[in-house]
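Taking it in order: structure first as structure tokens, then the write-up.
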Amino acid sequence: MYRVTIDTEACDGIFACLTRDDRFAEDDDGLATLDTDEDRHRAVRREEGRVVAEFDDDQRADAEQAAEACPPNAISVEAIDDE
Ligand code: SF4
């Protein structure tokens, strides 16, 4: 499993992430979020200053490409243990 975190304070709404990984989406404020299709992740959480979700191991390379493409480094991808 891995966790994707978007730092919404750092996000600039450039949307390079959307073209690398279709799980990223634009929210009502013009910033990046993760789509809320629960078949694709454990649950998207919107917390103060960030959006967080955990995924099984599929599409991890896409998430890493989105993180690399993000100019302000607003996306992090980290491995986590199965719970
Ligand atoms: S690429 Fe980075 S700055 Fe641009 S919308 Fe995605 S998370 Fe935000």
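Here, residue 1 is the first one in the sequence, and each next residue gets the next number. Note that ligands are numbered from 1 as they come in the structure, with each ligand's atoms numbered from 1 the same way.
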Fill in: Backbone N/O of R23 and side chain of D21: donor-acceptor pair under 3.5 Å
yes

Fill in: L31 with V4, same ILVMFWY side-chain cluster at under 4.5 Å
no

Worksheet item: Is there side-chain contact between L34 and F24, with at least one heavy-atom pair below 4.5 Å?
Response: yes

Worksheet item: If you take all heavy atoms of F15 and A25, which pair is closest and at what distance?
Response: CE2-O, 4.5 Å

Worksheet item: For residues R46 and T8, is any side-chain donor paired with an opposing acceptor at under 3.5 Å?
Response: no

Worksheet item: Protein N, O or S atoms less than 2.8 Å from atom 2 (Fe) of ligand 1, ignoring waters?
Response: C70 SG

Fill in: Note, R42 side chain near R3 side chain (heavy atom, < 4.5 Å)
no

